[in-house]
Peer 1: 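Sharing a structure, written as C-alpha cells. Questions coming.
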Amino acid sequence: MTELSRKNSNGMNDKFLKPYNPSETEGRIYQLWEESGFFAPENLPGERKKPFTMIMPPANANGSLHAGHALVMTLEDIITRYRRMRGFKTLWLPGLDHAGFETQVVYEKQLEKEGRSRFGMDPKELYKEILAFTLENSKNIESQIRKMGASCDWSRQQFTLNPDLVGKVQQTFKKMFDDGLVYRGSRIVNWCSKHATSLSDVETESKEKKDPFYYFKYGPFTIGTTRPETKFGDKYVVMHPDDKRYSAYKEGDTFPLEWINGPITATVIKDTAIDIELGSGVMTITPWHTAIDFDIAERHKLPKEQVIDMRGKLLPIAGEFAGMKIAEARPKIVEKLKAKGLLVKVDENYVHNVPVCYKCETPIEPQVSPQWFVKMKPLAEKAIQAVDSGKITFIPNNYRKIFLYWMHNTIDWNISRQIVWGIPIPAKICEACGDGVADLADDIKKCPKCGGSLRKDTDTFDTWFSSGQWPLLTLGFPEGKDFKEFYPTDVMESGSDLIFKWIPRMVIFGLYLSGEVPFKTVYLHGLVNDAKGQKMSKSKGNVINPLTLTEKFGTDALRIGLISGNTPGTSLSLSEDKIRGYKNFANKLWNIARFVIESTEGEELEPAFSAYTSADAVLRLERHDLLVDATKDMEAYRFYMGAEKLYHYAWHTFADKILEESKEILQSGNAEEQKSRKQFLLHTLDKILKSLHPFIPFVTEEIWQLWKQPSEKEGMLMVAEWPVHNSPKV
RNA sequence: GCGCGUUUAGCUCAGUUGGUUAGAGCGUGCGAUUCACAUUCGCAAGGUCGCAGGUUCGAUUCCUGCAACGCGCACCA
C-alpha cells in the first residue's frame, strides 16, 4: 500500500510517469483479487440473489496451456467478470480432467523414450506413475490459468479422479445398468492395435490414403479389396437380391473355388446392403473386421472368424502368413494370389479415407470384442426434445443443426477402455457365459444369468463417460448445496470440436440424471490457428505459446487480441503483430488515465453532477449510446464487437478527439466550462475502465487502484458496477 | 458420396433483421510532433463484396445454380 499511495508534488502517482509494465503488475493484481475472496460467489459484496454459473471445461491434466486454452480462459473470464459486475452471484468453477486415453498416450510416449512399455507392467504400478505425472502437470496448468487472469473459484476446483466423483460416476453406471441403458455385448468396435484398446466413434479420425485396390478371382466372381490380408476366412459371397446379373444364383447356393491357402467352398448370400452400381456388385464378407459385414453376418446368422489379433498380427487361419504384421503380409499374400492366377487386376491409384486412431494414426482395426455399451437412442431422444423446445441455445446458431443431426444418428456408445488410467468399471464378467453385471459393492458372487463364476472387470470408463457428467459432478449432484443453487448452469463455453465429443453427452447425462438440461446456452469458439490460418502443430513448428505472448506483451494484450475480431464458431488466426497492437492499447489507456488525473487535479468525481455545457451534454449522450451498444453486444455474446467498440471509443474518440480539445478548454475555458469538462473526463475514465475491465482486467484494475486507492476490498474494480444499469433489449 | 460452413482492401477479418460515399486492425505512402503517450498524432492510397442468374424501387445482405477452399460424417466393395 505504501507504494501505491506515494504521490509526487503534483499529487500524481509516480507510477504514471513510467510506461505501463504488465510483468510487474499482473502477478500482484491477481493476488489482490484472489485474496479478496471474490472469486467465490458467496463472498461477493452487496445483495446478490440471481446466480450465474459457468463450469470451466476441465483442462487435460497432462500438458500445458496452449493457444486454445488461452482463448477459453479469456472468453470465459470475460463472461464471468461481466456477470459479476452486473450484480449476479457469479460462479465460474474450474477443474481438471484425468483425460484417460489422452493422458495414457502421453505417458506411453514418455515410457517409449525411456525404452519401457506399458505392456508387461504391473497395472497398479503404471497407474501410480501416471497419477504422479498428472499431479505434477496439473500444478503447471493451474498456475498458467492464473496467468491468464481467470477469475474462477479455486476453492471449488474439481478433479475427475477425486474419490467422491469416482464414486458418483460408478453409481451412474449402476443406475444405467439397472435401467437397461447399459449392456455388455460382443460387437464390432474401433480397435487401435498400437494402444490395444477400443475407441468410440469420436476417437477416430479419417485420413486420406492412396492404396492399391486389388481385384481377385473368387470362383465365378471377381471381388475387389484393399485388404487382402483379411480375406482368409471369407466363404460367403454376397450380392443384391435385385441384381439381374446374378439372378441365376440363389441364396444358399454353394460352389467350390481355389482360394489363398487352397480349395474352399463358398455360399451365396443375398442382402440389400450391397450397392449394385459399385464394382462387380459382388463382395465377400469379413464379419470380424468390417462393420457392414458384421451386420450382414448378424442378419443371416453367419459364423464370424477372427483373422487379425489384437496387436495387429495375422492369426493361424492365415496359414503360412500367421504371425506377420499386416504391412508385411499384404504384398506377400498378393504375390501368392498372383502366382495362383487369381489376381485379375490392380488399381494403383485408389484413394479412400481410412479411419485411424486420433492419437497415433494407426489404422483402426475393427474387431469383435466384448465391451460395455450405452444405448443411445432413448437418451438422444430426450436431448432432441430439450433442444427442439428451446431449452438450449447455441451460439452460433448453426451448431444447433449439427447437434440435432448428431443426435438423430447416434450409434451405441462403447464406454469401456482397455487401459489402466481411468475410472474402473464397477462390474463383474461371467467366465462361463461372458455376460456382465454391474456390481458397486463387490457382493455379487455368481452370474445372475447362468450361475457361472465371475471375475472383476479390469476395464476403465471412456473419459467422456465421466466428463459427460461434469456439470453434475462439480456441483455435487444430487444432494449438494451448490447443485441446488447453481444448477442448471447458464453457459457452457467450449471448443467447437467438442460439439460431438462432449456437449451431447453432458446434455444426455444432465437430462437422464437430474431431469434438467445442464446449461441453457452453449457458446462454441473456433480453433486458434497461426498467423497464416494454418492449424498449429508441433510437426509444422508453428505452435504459438500463449505464455510467451503474455511475457512479451502482457496478458491484457493477449486477451483482447484473442477476442477482437473473433466471431464465435469460426477459427481465428493469431499473429504477434495483432497482440503487439493491443499492447500499445494497454499503454494508451495508461496514459489516458494519467492525463485525466493530471488535468483534473483538485476535482473530485461527483456522481450526480449534471451541470454540463451543451457541448459536453452531447458528448455524454454519445458516450451513453456507445455504452448501451457495447452492453447489448455483451448480452448477445458478441464480445468481438463489444471489445472493438470500446477500444475504438477509448482510443480514437476519447483520446484522439475529446482529450485533444480538452486541452484547449481546460486552458482557456471559463470556470463553468472547465468544471463541466473535468467532470466529463472523470466520469468517462470511470466508465471506460469499468467497461473494459472484463477484457483487459489487469491494466484497468491497476489504474483503478492507483486512481481511487480504495481502502476496502469492496472498492476494487473487479466488483464495481457495470456502467449501464438496466438490461438493454438485444 | 452426404451434411455444415467459408469466399469482402496486400494480410487477418467485421459488416446485428436489404437502404445514401462498404468498415477495423496490421501492413504501405506522405506529413507532424519539446505541451499524457515515438507504445504518438494527422492525411492518403488500396475493394467490379468468388462467378452467373433471379426476387426487389434498391442486393455484400434474400433465393437458385456453379466454382474454389475448409470442417464433419460415411465409405478399406
Side-chain angles (χ1 to χ4, degrees), chain A residues 12 16-20 201-202 204-207 209 211-216 222-230 238-239 273-286 289-293 350-355 363-366 396 398-399 401-402 405-406 409 496-497 499-500 526-527 529-533 535 553-554 557 561 564-567 569-599 629 632-633 636 638 640-641 644-645 647-648 651-652 655-657 659-660 662-663 667 730:
Chain A
M12 270 295 291
F16 275 124
L17 301 177
K18 291 187 219 144
Y20 174 60
D201 42 329
V202 294
T204 68
E205 266 171 19
S206 354
K207 222 185 159 187
K209 276 183 78 176
D211 283 318
F213 191 89
Y214 305 99
Y215 291 89
F216 299 119
T222 298
I223 58 157
T225 185
T226 57
R227 298 206 57 193
E229 72 276 7
T230 64
V238 192
M239 56 211 76
I274 302 298
D275 184 347
I276 298 177
E277 310 286 313
L278 207 65
S280 60
V282 176
M283 69 174 204
T284 60
I285 55 165
T286 314
H289 299 291
T290 308
I292 295 178
D293 299 5
Y350 183 71
V351 177
H352 62 157
N353 288 316
V354 180
I364 291 294
E365 185 61 64
N398 62 304
Y399 280 97
K401 240 192 248 176
I402 297 174
Y405 177 84
W406 188 254
N409 295 281
S496 54
D497 52 328
I499 183 69
F500 299 136
L527 282 170
N529 294 327
D530 75 357
K532 291 178 197 139
K535 196 171 173 174
F553 306 115
S564 45
N566 179 22
T567 44
T570 52
S571 50
L572 87 148
S573 307
L574 179 61
S575 74
E576 255 196 50
D577 282 343
K578 191 172 174 187
I579 308 301
R580 183 177 297 118
Y582 285 108
K583 181 195 173 168
N584 299 352
F585 178 56
N587 193 60
K588 185 75 185 180
L589 202 58
W590 185 256
N591 280 295
I592 287 171
R594 175 178 164 188
F595 178 82
V596 170
I597 294 166
E598 220 168 42
S599 54
D629 228 25
K632 281 184 192 167
D633 290 333
R638 290 188 300 253
Y640 63 101
M641 201 171 269
E644 264 184 16
K645 279 176 189 162
Y647 166 90
H648 194 266
W651 196 325
H652 301 298
D656 290 350
K657 299 202 173 76
L659 292 191
E660 286 306 319
S662 296
K663 289 174 185 169
Q667 213 166 36
V730 184

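Side chains are part of it too, since the values below use all heavy atoms of this structure and drop only hydrogens, waters and symmetry mates. In what follows, chains carry the letters A, B, and so on, assigned in the order in which the sequence lines appear, proteins first and then strands, with residues in each chain numbered from 1.
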Peer 1: Using the test salt bridge (Lys or Arg N to Asp or Glu O under 4.0 Å), find all partners of A:K657 that sit at least two apart in sequence or belong to another chain.
Peer 2: none

Peer 1: Applying a 4.0 Å non-hydrogen cut-off, can you work out what A:I285 is touching in the nucleic acid: base, sugar-phosphate, or nothing?
Peer 2: nothing

Peer 1: Can you name the residues that form a side chain to side chain contact (heavy atoms under 4.5 Å, CB included) with A:F500, not counting sequence neighbours?
Peer 2: A:V202, A:I402, A:W406

Peer 1: Classify the side chain of A:K588 and the base of B:C37 as holding, or not holding, a donor-acceptor pair under 3.5 Å.
Peer 2: yes

Peer 1: Ignoring backbone atoms, test whether A:K18 places a side-chain nitrogen or oxygen under 4.0 Å from the OP1 or OP2 oxygen of B:U39.
Peer 2: no

Peer 1: Identify the two heavy atoms, one from A:S206 and one from A:N353, that lie closest to each other, and give their separation to 0.1 Å.
Peer 2: CB-CB, 3.9 Å

Peer 1: Is the phosphate of B:A24, meaning OP1 or OP2, less than 4.0 Å from a side-chain N or O of A:K645?
Peer 2: no

Peer 1: Looking at the side chain of A:F213, which of B:A36, B:U39, B:A77 is the nearest nucleotide?
Peer 2: B:A77

Peer 1: What about the rings of A:Y582 and A:F553, do their centers lie closer together than 6.0 Å?
Peer 2: no

Peer 1: Between A:D633 (side chain only) and A:R638 (backbone N and O only), is there a donor and an acceptor less than 3.5 Å apart?
Peer 2: no

Peer 1: Name the nucleic acid region contacted by A:A273, choosing base, sugar-phosphate or nothing; use a 4.0 angstrom heavy-atom cut-off, strictly under.
Peer 2: base

Peer 1: How close or far is atom C1' of B:A36 from atom CG of A:N587, stated in whole angstroms?
Peer 2: 10 Å

Peer 1: State which residues pass salt bridge (Lys or Arg N to Asp or Glu O under 4.0 Å) with A:D211; sequence neighbours excluded, sorted by chain then number.
Peer 2: none

Peer 1: Reading RNA chain B from 5' onward, which residue's closest nucleotide shows up sooner: A:K401 or A:A291?
Peer 2: A:K401

Peer 1: Taking the same atom, P, in B:G27 and in B:A22, what whole-Å distance lies between them?
Peer 2: 25 Å

Peer 1: Which of these nucleotides, B:A36, B:A74, B:A77, is closest to any side-chain atom of A:A655?
Peer 2: B:A36

Peer 1: Here's a test of your reading of the structure: between A:D293 and A:K583, which maps to the more 5' nucleotide of RNA chain B?
Peer 2: A:K583

Peer 1: By the 4.0 Å heavy-atom rule, please label A:A586 as base, sugar-phosphate, or nothing.
Peer 2: nothing

Peer 1: Rounded off to whole Å, could you give me the CD1-to-C1' distance for the A:I223 and B:A77 pair?
Peer 2: 9 Å

Peer 1: Mind checking the P distance from B:A77 to B:G3? Whole angstroms is fine.
Peer 2: 25 Å

Peer 1: Please tell me if the side chains of A:F216 and A:T222 come closer than 4.5 Å, counting only heavy atoms from C-beta onward.
Peer 2: no

Peer 1: Can you see which heavy atom on A:S496 is nearest to which on A:G526, and at what distance?
Peer 2: OG-CA, 3.8 Å

Peer 1: Starting at CG of A:L527 and ending at P of B:C69, how long is that distance when rounded to a whole Å?
Peer 2: 20 Å

Peer 1: What integer distance in Å separates A:K663:NZ from B:U34:P?
Peer 2: 12 Å

Peer 1: Ignoring hydrogens and angles, answer whether the base of B:U16 and the side-chain atoms of A:R638 contain a donor-acceptor pair closer than 3.5 Å.
Peer 2: yes

Peer 1: What contact category does A:N398 fall into here, base, sugar-phosphate, or nothing, at under 4.0 angstrom with non-hydrogen atoms?
Peer 2: sugar-phosphate

Peer 1: Determine the contact category for A:P366: base if any of its heavy atoms lies under 4.0 Å from a base atom, sugar-phosphate if only primed atoms, P, OP1 or OP2 are that close, otherwise nothing.
Peer 2: base

Peer 1: With P as the reference atom in both, quote the distance from B:C11 to B:U28 in angstrom, rounded to an integer.
Peer 2: 15 Å

Peer 1: Atom CG of A:N591 to atom C1' of B:U39: distance rounded to whole Å?
Peer 2: 8 Å

Peer 1: Send over the distance from A:F585 CZ to B:A38 P, rounded to a whole Å.
Peer 2: 17 Å

Peer 1: Sticking with atom C1', work out how far B:G46 lies from B:G29, rounded to a whole angstrom.
Peer 2: 11 Å

Peer 1: Whole angstroms only, please: what is the NE2-P distance between A:H352 and B:C75?
Peer 2: 13 Å

Peer 1: Roughly how far apart, to the nearest Å, are B:G15 and B:G23 at atom P?
Peer 2: 15 Å

Peer 1: Work out how far the C1' atom of B:G18 is from that of B:C75, and round it to whole angstrom.
Peer 2: 43 Å

Peer 1: Quickly work out the A:F500 CZ to B:A74 C1' distance and round it to whole Å.
Peer 2: 12 Å

Peer 1: Are the side chain of A:T225 and the backbone of A:R227 linked by a donor-acceptor contact shorter than 3.5 Å?
Peer 2: yes

Peer 1: According to a strict under-4.0 Å criterion, is A:T567 in side-chain N/O contact with OP1 or OP2 of B:A14?
Peer 2: yes

Peer 1: For the residue pair A:W590 and A:P19, what are the closest heavy atoms and their distance?
Peer 2: NE1-C, 3.8 Å

Peer 1: Select one nucleotide: of B:A36, B:C73, B:G15, the one nearest the side-chain heavy atoms of A:W406.
Peer 2: B:C73

Peer 1: What residues form a salt bridge (Lys or Arg N to Asp or Glu O under 4.0 Å) with A:K663, not counting sequence neighbours?
Peer 2: A:E660

Peer 1: If we take the C1' atom in both B:G50 and B:A59, what is their distance in whole Å?
Peer 2: 16 Å

Peer 1: Using atom P of each nucleotide, how far apart are B:U21 and B:C49 to the nearest Å?
Peer 2: 14 Å

Peer 1: Reckon A:D656 touches a base, only the sugar-phosphate, or nothing at all at heavy-atom distances under 4.0 Å?
Peer 2: sugar-phosphate

Peer 1: Heavy atoms only, 4.0 Å cut-off, all strands: where does A:L574 land among base, sugar-phosphate and nothing?
Peer 2: nothing

Peer 1: Is the backbone N or O of A:T286 less than 3.5 Å from a side-chain atom of A:D293, with the two atoms forming a donor-acceptor pair by type?
Peer 2: yes

Peer 1: With respect to the side chain of A:S206, which nucleotide from B:A14, B:C75, B:A77 is positioned closest?
Peer 2: B:C75

Peer 1: Got a donor-acceptor contact below 3.5 angstrom from the A:N587 side chain to the A:K583 backbone?
Peer 2: no

Peer 1: Look at the side-chain N and O atoms of A:Y405 and state whether any lies under 4.0 Å from the OP1 or OP2 oxygen of B:C2.
Peer 2: no

Peer 1: Counting Watson-Crick and G-U wobble pairs whose two distances are both under 3.5 Å, find the runs of 3 or more in a row that involve RNA chain B.
Peer 2: B:1-7 with B:67-73, B:10-13 with B:23-26, B:28-32 with B:40-44, B:50-54 with B:62-66

Peer 1: Report, one pair per line, the protein and nucleotides 25-33 of chain B atoms (nitrogen or oxygen only) whose separation is under 3.5 Å.
Peer 2:
none

